[in-house]
Structures are given as structure tokens and as C-alpha cells.
Amino acid sequence: MTICQFFLQGRCRFGDRCWNEHPGARGASGGRQQPQQQSSVMILGSSRRGWNASNQRYSGVIQPSSFSKSTPWGGSKDQEKSSLGSFEPGTSAGRDREFGLSQNPFALLSPDEQKEEKKLLEGIVKDMEVWESSGQWMFSVYSPMKKEPNISGFTDISPEELRLQYHNFLTSNNLQSYLNSIQQLINQWRKRVNELKTLNTATKVTLLPDVKAGVSQAARVFGFGSGQGPTFGSAGFPLNNSSSDTARNFSFKPSSGFVTAPSENQSVFGSPPAFGATPSASSAATTSASPFGFGKPKITSAASFSFKSPTASGFGPPGFSAFPASLAAGPVGAPGFGSGSFVAGFGGPGSHSNTAFSKPSHNVFGNNNTATSLPVSNGCITTDNVLFTPKDQLTVEELEQFQSRKFTLGKIPLKPPPVELLNI
Amino acid sequence: MSLFGTTSGFGTGGTSMFGSTTTDNHNPMKDIEVTSSPDDSIGCLSFSPPTLPGNFLIAGSWANDVRCWEVQDSGQTIPKAQQMHTGPVLDVCWSDDGSKVFTASCDKTAKMWDLNSNQAIQIAQHDAPVKTIHWIKAPNYSCVMTGSWDKTLKFWDTRSSNPMMVLQLPERCYCADVIYPMAVVATAERGLIVYQLENQPSEFRRIESPLKHQHRCVAIFRDKQNKPTGFALGSIEGRVAIHYINPPNPAKDNFTFKCHRSNGTNTSAPQDIYAVNGIAFHPVHGTLATVGSDGRFSFWDKDARTKLKTSEQLDQPISACCFNHNGNIFAYASSYDWSKGQE
């Protein structure tokens, strides 16, 4: 969605009704929806709303141009991320405006999942804050959303159990050890809550399996269908949606890698028409499609191909590498969603990305120069080093992975490949 | 509403912690206090079924005892009898004919107390404290269902020392409720299982918990035809989820609401969140009452999704509650529920 210029100036006269994106305003509108509703229900329901609302607007739009609208997504994403802290979990309404934008199911779903993930993480942070400040019972399991599995690190102890222990220790005159163990439990809990509150990349990685299941469920709800697809997306999500810059970097890198891929193997990405097709306006869209194309598991060869090509084409972003690996195994469709999360990255670097991706050719690396400027334009990265890792910064295992023909699942490096290893 | 008019049975306890209760918030609602209440926290309350004339209230406490009072229409409570366990009593329930009371205790046993003879015999054994006990009366069988922290659900014929049936739970049983033919068990790790009791108790469905935190209490409600159709689940996070088993529109019919929080509307300041210790449904009107660690009880209408009334704050948490069989009397127990540890 386009950013509303008037809102940025503070004088949008449509306010909530405005069809354009009001970055940062979502928290206010979404927050009101909270009481007496299941949050998960809200997300589904309101996302549908978002679809309809936007689809009305864009119903007549052909695919490519709708993709071009995705360019501001990256920009708005940045702004959303900056105001991440202020977002309430119930801000699905705001995000949903971006959901139904394009007609291409891939682009549709990936931002969906991405948003889900982000919402979940925000929800977690908020819940942790509330938990700590509210004085509620601390020995309880927790899950960020209704249908999700519990987050690890919390144990369930009911007050009765604790009291019984107290009574037992009382009789055995061992009260001190009881108190000590309680103190230990409390400390453990505090630590875990703080971890989740601050949500750095380390905790994110551990949260991944917890949230992934949830995201995949959410994805299923959205009708993605393929079992593996959502996990791809989620694999990429924490990396991409984290507020850390490194994630942002990754999202850019795949773009460069992917762009080369289509050029070499059009058929592989045949399904995302945007890919081979309309390079012009739909460029951003196409690029967004390309990762989706990668996602297309039916092209298992492509999947592996895409991994090989990365070594040749500056593949880099672990997020994407994760996708292809899983893609190779998985069914069609959904993986595209995961890669869709990178759309934001693609869209983000504004018009530059358009031009860069509009020519799926070996010039991609020529375009990479613009790609490297993308991070700059988004303000995340300012050096070329971010795109590639200097060889000495890689561990032996990572180096090995980059040098091999294919990535092995579980060992996919989280850093982009060194420039020396790229075969252009 | 006159139904909630005669509230009575205010049992107090909690010797250990809240010692300094010199404020007169002891009974702010000016409800009738039960005489000779237990010495320690009350874990459970239960009123006699309609088959018994008059109203009898049973309360199990952490002082290892179970006490029985007769509650007269005037509100007078007369202590009637008492039984002891070797461990704190966690749950009590009546048999359907009102002649026996079943008590579940931390001493890993459950006892059947025959009120006429004032004898109590052990009828159940678990490997861990028995947290819930319910009487099931089916057309072709009747038994006692006990849920325990040893992750099993056992069904006992009171005459035999072996369980009729043992069902495995995914985790420790935290709370349960039974209205034939439906039983709901909420376990640790946010587990939620519904059983159907016709013919033979069997697992009907495992439900994804609608709540994000630990389950604390559950109560089944009926529909207009008096058939159990759903349940209310309370958590430690001051939230109650209303869940229908087979709703026509799950997304809209099932909902959660926040309760027992310190400042309801002011969302900017950090709230104090209290656990929901007990939920009880009015047998006639279908409205529900929740009691919480904040020392309040509230009445809600789940169909209109509104709050009907909230009590004043008592100085101690309210740990248990119960309606009598026709809904004229609402009993609640104010005693420390360990929500702040051993402080």
C-alpha cells in the first residue's frame, strides 16, 4: 500500500477510512478491539476485512502493477518496525490493510505470515511486560496465541502444589531448602521473562520452533495448505522481522541471489509469472515473486538449484537458504509465503529494487551494486561488507557449507557468503 | 436480583499468612458468616443436591478437615459434622442422593463419608494428591471420578478398591467438572480434554486452550434444554474463557473476558492481575460467578456478555465458591490461596 502523504503531514482527512497506509497509526486503532474477543479470532477476522477492503480498491489491478504497490511495504515496514514497541498485539486491523493488496496469492500470503509472526513476537513482549508488572502467578506456562504450543522455559506449578510442598517441608523442618528452591524457581522465571521481553536474536532462534508451529497453523488457516511452506516462512521471519539490522540485511541479499536465479532457469520460476514476465513496473513484485518461485517446491530441482546458484550468485541470506532446503522437500506453494516475507525487503529499497530486479539477467550483480545501496536506503546497512561476509569471519563449518554444492539442512550458515566464494 | 440476594456461608480461614487483618474488610458485603469455620484455607465448597431437603454445605480445608454445616433459610448456619484426612482436602462433592460426601485430599486418597453413620471410608488411591473428585450418575453406571497430579483420571466404584477405569492425562489434573454426559478436565501445560460419559467414560475431544496461561478452574454450563453444552475456563491471568463444544459459529460464540484485575478500564497503568480461583454457574439462570485472588467475586451473564455485579474487595483472596441447588444461596470462602507464595 502506498503511504499516505497527507497522513505523514498530519492532515489526512480520511483517517481510518483512508485506503493508504498510515504508518504508526495502527496501534491506536487496533488497540480498541481488544476486550472480549479472542485475539486469534480477531486476527483472522480482521485480516479478511483487510482483504476485502483492499481488494475493492485494487480489484481491477493487474498483477504486475499490484506488485509495484508493494514497494512502499518495505518502507512502511521500516516505520512499523520503528514503532514496534508501541504496537499492541491487537493491531491486526492495521496490518491487515496491507494483506489484501495484491492479487497474487504469493505476495498476499507472505506478508500475511510475516505480519503474523511479528504480531506474535510483539504479543509475547507485551505479555511478558504485563506478566511481570501485574503480580500474577508466575509459575505458569505461557503461549503467545490461543492455538499455539507453550513457549519453552516456563513450568506449570499450581498454587496448591506449591503450598503442599511448603507444608511438607514444614513438617520436615526443612523450610530453608524449600525457600531456596522457591527462590531458584523465581529467578529462573525472571530470567526467562526478561529474555522474552528483550527478544534478541538468540531468543528468537529458540522461539522459532515454538512460534513456527503457531505460524504454520496460522498459515494453514489462511489456506496455505502446504505443510512445509509456512515453516519456511517462519524460518525466515524471525530473521527478517526482527528489529535487528542483521535480519534486514538478509532480506536484501536474497533479492540479489534470486534475481540471478530466474535468469538462469526461467522454467524453474515459471509459476510466479511475475518473475519472468513484466520486469518493468512489476519489478518489485516480480522479485517478490521470485522468492516465491523458489518456494515452489514442485520445482525440487529448482530448489536445489537455487541453492547452488547462491554460491554462484551471492545467495547469502540464511533465511532464504532455509527456504530452499525445506522447499526441496516440501509441497508447493506455501514456501513462497515464507519468501514472501522478504518482499518487504525487496519493496523496501524503493525504486532501486525495481530497476535492479527488472532485469533478470546476469547483470544482477551489476545490479547488486544498487542492491547494496538498498540496505543503505533503508538505513539498515551502510557498508558493502554486510552483503558478504569476509572469509575470515566465517566459521569452518560455515565455510564448508558455502563451498559445498548444496546446503545441508541444519547447517545452513546464518551469515552471507564471502565474496570470494561467489562464482559470478 | 433476588437470586443473589441471600448470600451466606462466608467461611474464613488462613491463619498462616494474612495475619494482620485488622481492617474491617473482613466482610464488606455484610454477608452471613458461617460459624466455626475451618482453621486453615478453604480449598473447596459444595452444596448438597436437591434430593436432600434443606441446604447443607461442605467445605474442605488445608487443615486436613472436612466440615459440614446446615444452612437454614434464615441464613443461620449450624455446624453439623466433621471428618479428618491426613492431608489437606482439595475437593469435595456430594453423591446424587445426598447421603454421601466424597472428599479428595493431598494424602493421595479419596474418602467416602456416609453422613448418616458419620463414617468415612477410603475409596480411591492415587500416586499423587487427588485434586478433583466428582460423582457421576449415568443410567447404566455410577461412579466417582478422581483426577490427580499423577496424570491419571480414575473412575471408582465405591465398593471396590480397584478403579473401574483409568484414563491417562497428558499432564497433572488441575481442575475438572462433570455434568452428565459431559466431563471437562483441565490440566497443566494448558491441556484441556472433554470426555463423554455415556456408556463408559471416554475421551471425546482434546481442545486447544483458549487461554494463554495456566488453567485454574473450570465449570460446565448448560443450554436452554438443560444439557451441558460448554464450559467456562479460568486461568491465573485474570481471564475466563467461555467455550462451547459444538458451537454454530465458533469464532463468534467462543470468547474470553478479563476479570479480577485491578483497574478494568485504565489500560495504560500496569494492572494487577489476579487468578480466577473458582467459577460457578447458577443452576437456574445460567449466569456465572467468578471468584478471584483479588478478594472479589463477580457475577456475569455470558450470553449478554456483561458483568452483572462485583463485590467489594475482601481482605483475603476468595478461594472457592458454590451455588446451592436452586440458586438461592451463593457461598464463597475467603482465605489465602497461596497466590503470593508463603508470604
Side-chain angles (χ1 to χ4, degrees), chain A residues 31-32 34-45 48 88-89 123-124 127 129-151 154-171 175 178-179 182-183 185-186 214 217, chain B residues 16 40-41 43 62 64 87-88 90 106 128-129 131 149 171-172 174-175 187-191 208-216 235-238 241 250-252 254-258 260-262 264-265 267 269-275 277 293 305 317 319 336-342:
Chain A
R32 268 177 254 124
Q34 277 197 352
Q36 299 232 358
Q37 284 186 28
Q38 293 175 335
S39 53
S40 57
V41 172
M42 262 169 51
I43 290 169
L44 291 182
R48 266 180 239 121
E88 295 183 43
I124 293 177
D127 283 338
E129 288 170 16
V130 169
W131 197 346
E132 226 179 356
S133 66
S134 64
Q136 67 182 53
W137 185 252
M138 42 179 110
F139 303 123
S140 155
V141 292
Y142 166 74
S143 97
M145 218 166 84
K146 179 180 149 172
K147 298 219 183 286
E148 306 230 351
N150 301 330
I151 292 201
F154 288 115
T155 53
D156 226 2
I157 308 180
S158 75
E160 285 82 28
E161 286 168 318
L162 213 57
R163 182 173 195 170
L164 189 64
Q165 277 183 23
Y166 171 80
H167 277 243
N168 291 341
F169 277 99
L170 205 61
T171 50
L175 209 52
Y178 168 78
L179 293 174
I182 297 293
Q183 201 50 48
L185 283 171
I186 295 180
Q217 287 192 16
Chain B
S16 37
D40 206 343
S41 301
W62 280 75
N64 301 2
L90 294 179
C106 288
K131 181 68 173 62
W149 288 341
E171 253 285 352
R172 298 153 283 170
Y174 274 172
C175 47
T187 70
E189 310 285 329
R190 292 170 63 244
E208 289 276 353
S209 167
L211 299 170
K212 296 188 199 172
H213 286 85
Q214 188 183 108
H215 298 153
R216 187 102 177 89
S235 83
I236 52 134
E237 182 226 352
K252 283 179 47 182
N254 298 336
F255 65 96
T256 72
F257 62 91
K258 291 190 264 205
H260 299 290
R261 304 206 168 181
S262 58
T265 49
T267 47
Q271 290 180 321
D272 288 329
I273 297 182
Y274 298 91
N277 283 329
S293 293
R305 304 198 183 184
S319 47
Y336 186 53
D337 60 355
W338 214 255
S339 48
K340 301 259 178 275
Q342 75 282 0

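Computed over heavy atoms, backbone and side chain alike; hydrogens, waters and symmetry mates excluded. Protein chains get the first letters and strands the later ones, always in sequence-line order, with residue 1 at the start of each. Since this is a predicted model, take the numbers as computed values, not measurements.
- Residues passing the side chain to side chain contact (heavy atoms under 4.5 Å, CB included) test with Ile186(A), sequence neighbours excluded: Met138(A), Phe139(A), Ile182(A), Gln183(A), Arg190(A).
- Neither the backbone nor the side chain of Ala275(B) comes within less than 4.5 Å of any heavy atom in chain A.
- Nearest heavy-atom pair, Trp149(B) versus Leu164(A), reported as atom, atom and distance to 0.1 Å: CZ3-CD2, 3.8 Å.
- For the options Lys131(B), His213(B), Glu171(B), heavy-atom pairs under 4.5 Å to chain A are most numerous at His213(B).
- From Gln165(A), atom CD reaches atom SG of Cys106(B) across 11.0 Å, with rounding to the nearest 0.5 Å.
- Atoms OG and CZ, from Ser158(A) and Arg216(B) in turn, are 6.5 Å apart once rounded to the nearest 0.5 Å.
- Shortest non-hydrogen contact noted between His167(A) and Asp40(B) is CE1-OD2, 4.0 Å.
- Checking Ser41(B) against Arg163(A) by side-chain atom types alone, a donor-acceptor pair falls below 3.5 Å.
- Between Glu160(A) and Tyr174(B) the shortest side-chain heavy-atom distance does not fall below 4.5 Å.
- Ranked by heavy-atom pairs under 4.5 Å with chain A, the list Glu237(B), His215(B), Glu189(B) is led by Glu189(B).
- Applying the side chain to side chain contact (heavy atoms under 4.5 Å, CB included) rule to Asn64(B) yields the partners Met84(B), Pro88(B); only residues at least two apart in sequence or on another chain are considered.
- The OG1 atom of Thr187(B) sits 8.0 Å away from atom CG of Asp156(A), with the distance rounded to the nearest 0.5 Å.
- Gln214(B) has its side chain within reach of Pro159(A): a pair of non-hydrogen atoms, C-beta onward, lies under 4.5 Å apart.
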